[in-house]
Amino acid sequence: MTFDDVRAFALTWPDVADGTSYGTPALKVRTKLLARLKEDNDSLVLTGIEPDERAMMMEARPRVFYITEHYRDWPNVLVRLSACPRGVLEPLLRRRWKALASKAALKAYERENGG
């Protein structure tokens with residue numbers, strides 16, 4: 001998977017737009033960061049992942065999920081896109097999108113997609 005693959009499905013969700021963060025391509029929901037590409041061009045910074053969940057993710061899929069010291073104290077996890085199937089990443093991004101999207105956008109999306 002690549003960042004372009006992630007963009008392709010995330011941009012179909014209401015309120016999601018292209019942006020930048022720390023000089024790298026990013027996806028934002030109503031100006032709030034959904035995810036951004038790290039400088040290595042293979043890792044995604046995924047927001048909204050609390051430390052306990054992050055630890056379980058890293059234990060279950062250490063080739064996919066990891067963290068650096070910089071992110072240790074933040075609710076983020078790093079995702080190696082080249083090792084991550086869409087079926088693993090998309091639900092995580094969708095959950096975060098639902099936390100950031102407007103109520104109107106969520107209702108419209110649920111009406112059109114059955115939840």
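Computation of the quantities below employed the complete heavy-atom set of this structure, encompassing side-chain atoms and omitting hydrogens, waters and symmetry-equivalent molecules. For the single chain, residues carry numbers from 1 onward in sequence order.
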Is it true that a side-chain atom of [X] and a backbone atom of [Y] form a donor plus acceptor pair closer than 3.5 Å?
{"X": "S21", "Y": "R36", "answer": "no"}
{"X": "D15", "Y": "S102", "answer": "yes"}
{"X": "D5", "Y": "T2", "answer": "yes"}
{"X": "N76", "Y": "Y71", "answer": "no"}

Check whether more than 12 heavy atoms from other residues, nucleotides or ligands sit under 6.0 Å from atom CG of D40, and answer yes or no.
-> yes
Interatomic spacing from [atom1] in [X] to [atom2] in [Y] - rounded to 0.5 Å:
{"X": "F9", "Y": "R86", "atom1": "CZ", "atom2": "CZ", "value": "5.5 Å"}
{"X": "E69", "Y": "D73", "atom1": "CD", "atom2": "CG", "value": "7.0 Å"}
{"X": "K38", "Y": "H70", "atom1": "NZ", "atom2": "NE2", "value": "7.5 Å"}

Residue pair [X] / [Y]: nearest heavy atoms and the distance that separates them:
{"X": "I67", "Y": "R72", "result": "CG2-NH1, 3.8 Å"}
{"X": "E39", "Y": "Y22", "result": "OE2-O, 4.1 Å"}
{"X": "K28", "Y": "T20", "result": "NZ-O, 3.0 Å"}
{"X": "L33", "Y": "L100", "result": "O-CD1, 3.6 Å"}

For the hydrophobic clusters of this structure (ILVMFWY residues joined by side-chain heavy atoms under 4.5 Å, transitively), does one cluster hold both W74 and M57?
->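 Different clusters.
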Is there a path from V77 to M56 through hydrophobic residues (I, L, V, M, F, W, Y) whose side chains come within less than 4.5 Å of each other?
-> no
Report yes if the side chains of [X] and [Y] come closer than 4.5 Å at any heavy-atom pair, otherwise no.
{"X": "L46", "Y": "L93", "answer": "yes"}
{"X": "F3", "Y": "D42", "answer": "no"}
{"X": "L81", "Y": "L37", "answer": "yes"}
{"X": "W13", "Y": "R94", "answer": "yes"}
{"X": "V79", "Y": "L92", "answer": "no"}

Could you walk me through whether V45 and L78 pass the side-chain contact (heavy atoms from CB on, under 4.5 Å) test, one step at a time?
-> CA-CA 5 Å; V45 179; L78 301 174; 3.6 Å; yes
W97 ring center near Y109 ring center (under 6.0 Å) | yes
Before accepting this row, confirm whether a basic side-chain N of the pair R7/D18 lies closer than 4.0 Å to the acidic partner's carboxylate O.
-> yes
Pairing of R95 and E53 as salt bridge, 4.0 angstrom limit = yes
Verdict with reasoning, R61 to V88, per side-chain contact (heavy atoms from CB on, under 4.5 Å) | CA-CA 10 Å; R61 293 180 179 259; V88 170; 3.5 Å; yes
Would you kindly check if the NZ (Lys) or CZ (Arg) of R80 is within the cone defined by 45 degrees around the ring axis of Y66 and under 6.0 Å from the six-membered ring centre?
->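 Yes, a cation-pi geometry.
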